[in-house]
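I have placed the structure first, in the form of structure tokens, so that the comments after it can refer back to it.
Order of the sequence lines fixes the chain letters, A, B, ..., with proteins taken first and strands second; residue numbering starts at 1 for each chain. The structure displayed is predicted, hence computed values, not measured ones.
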Number of protein chains: 2
Amino acid sequence: MSSPGPEINMKDVAGRAGVAISTVSRALSGAPGVSTATRTRIEAAAAELGYVISPAASNLAGGATKRVAIVVPHLARWICAAMVESLEVRLRAAGFEILIYQVEDADARHRFFAQLPARRKVDAVVVVCLPVSDAERARLDLMGVQVLAAGGQMVDYPFVCIDDFEAARQAVDHLVLLGHRRIAMIDAYDEEIVDWPRESIRHDGYRQALAARSIEVDDQLTVRSGWGGEAAAAAMAALLSLPEPPTAVFAHSDEVALGAVRTIRRAGLRVPEDLSVIGIDDHPFAALTDLTTIEQPVALIATQAAELLLDLLGGVAARTQVKVPTRLVPRATTARPRDALV
Amino acid sequence: MSSPGPEINMKDVAGRAGVAISTVSRALSGAPGVSTATRTRIEAAAAELGYVISPAASNLAGGATKRVAIVVPHLARWICAAMVESLEVRLRAAGFEILIYQVEDADARHRFFAQLPARRKVDAVVVVCLPVSDAERARLDLMGVQVLAAGGQMVDYPFVCIDDFEAARQAVDHLVLLGHRRIAMIDAYDEEIVDWPRESIRHDGYRQALAARSIEVDDQLTVRSGWGGEAAAAAMAALLSLPEPPTAVFAHSDEVALGAVRTIRRAGLRVPEDLSVIGIDDHPFAALTDLTTIEQPVALIATQAAELLLDLLGGVAARTQVKVPTRLVPRATTARPRDALV
């Protein structure tokens, strides 16, 4: 393997671009105060010369590591991965590198938070789709870096997420307005997270939406399930085993909803003629399977979270707790209940 | 925010665990030659004392950065994210941190490879689900670090992936053995990658599998599409517009297959009664939608890739080009053609 050519430095780039060395430093380290035109000219000059800013030089210019840690439970789960995808694009554009930490089970989670205070080599930690316990919060505080939640809310930290209460309300109201009264919920939670709140915000939204329409809440119609489709399929089988099964199901995600749909069809029943199903997310596969859902605008959440983080690191953030609106995406898995058609 | 307690060092951990300091160093830096029982005892002692190995100390012990860069085209695409998930778990267990670089379009890709030689702060680069051009290969070589491909093969580098030729052969043979002769292919490629090979290995596998069964290849039956379901849905519409449409479709991924299924159903035709569809991957949603597919064992590929990388970094790798077997997963979207039933 060959080695790179003679050392190119920031002065060479400044000369080529016709700007001051300090401007090159600011532009290449992603600092504010450089116009897009100037930044583009400097980047072109740096690319022509084969110059890349070194982390050490960047630290001297900005006093920061230019690295962000993203903590996420499961990358293979679409909502997590899509969130990280958009975060990475925006933060990289601002000159940051991304370190990924998965906390896929209780053990990995324990290790991550136990080792946290020593990880003083990032400027910020973004917690994606993960509720954080009080003990873990204390560990995060020990780091002394900026913390932000994307796709979930944490009382003590800035966050960008959907309004889970409102998303559940929208899903239940859609079913109620179609004429359903016996509305079940597949209440998903992460089996690996010990501290997952027993009563989720979506659960609360479901109960209150029913109460607001004067529909009695039947606890038999709430079944808990992991976030995976297979667990949801089993939960749906439990609902179909009730003496009086539901006519509609509100599932906490699209994957959970599709697990339910499979069980319903395998039982010889039709969706939506015999049973309506609605999810949350608007996963790309929801459009392919004609699933009615409540859209969680993931790319928007992640991009706003990245912008908020950059504002916070720059000391200029105005709002630090942002809820992004959701909306109904009506497709082919919800309809009036059979009785209503008689 | 409070600061951490008095400095704990490796000697304290060694004393608590009852082992030599060098053993603590090896265990906490993920080096080989420490039994699982000893490693567990040392990790427990370190956790009790709140000791975390510093990157500097780790470097002294292992002479390396203990960081791996993962380069990936799109994290929100399941196959990429699932690959990164399993890579991260295994490499983290060996004491590595993971830096993520997405090259989601031609621009990001150009920037990444242009800046590569300066990124001498990782021990290795893992290229996930991404064909690499000759020019990019030259940039990778300039880095002087270990390079490995996971989920794709590169002539000059170690790789772990499926046998794409064999996967296509399995898919086509399944359709042929059911009695299909007019078998279409939705040939997926990444629109953002300029150098994507015009004739993919899967394309070649399809043609040769047909030839081996003495079935003439009709070029009209091959349509190109992006990897997304919506693009695939449009490609399927083109196939249905032919004077003599196919009776079966081989799609290059499950997402592509589900896009095709939606178009077929919207056209008022039934799957599999009127048209059979088979994908590749065994995406979790394939099981939920009863899609017949060829399983690409992603977790196995990623884990074997991580093991191979650790072996290479340790200088002990035997085989460096590994193909993982695929297999047919028969479900409900393939059946005999209608004519065969007459």
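Phe285(B) and Phe285(A) have perpendicular rings, their planes meeting at more than 60° on a 0 to 90° scale where under 30° would count as parallel.
If you measure heavy-atom distances from Val89(B) to chain A, the contacts under 4.5 Å come from both the backbone and the side chain. Neither the backbone nor the side chain of Ala233(B) has a heavy atom closer than 4.5 Å to any heavy atom of chain A.
For the set Met83(B), His283(B), His110(B), the entry with the most heavy-atom pairs within less than 4.5 Å of chain A is His283(B). For the set Leu258(B), Val298(B), Ile100(B), the count of heavy-atom pairs under 4.5 angstrom toward chain A peaks at Ile100(B).
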Which donor-acceptor pairs under 3.5 Å do side chains of residues 69-79 of chain B form with protein atoms, sequence neighbours excluded?
none

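Taking 4.5 Å as the limit, every side-chain heavy atom of Arg67(A) sits out of range of all side-chain heavy atoms of Glu97(B). No side-chain heavy atom of Gln102(A) sits under 4.5 Å from any side-chain heavy atom of Ile98(B).
Note that the CG atom of Leu99(B) and the CD atom of Glu88(A) stand 10.5 Å from one another [nearest 0.5 Å].
Residues of residues 262-269 of chain B lying under 4.5 angstrom from chain A, judged on non-hydrogen atoms, are Arg262(B), Arg266(B) by number.
With sequence neighbours excluded, the residues forming a salt bridge (charged side-chain N to carboxylate O under 4.0 Å, His left out) with Arg16(A) are Glu48(A), listed by chain and number. Listed by chain and number, the residues in a side chain to side chain donor-acceptor pair (under 3.5 Å) with Gln296(A) are Asp281(A) (sequence neighbours excluded).
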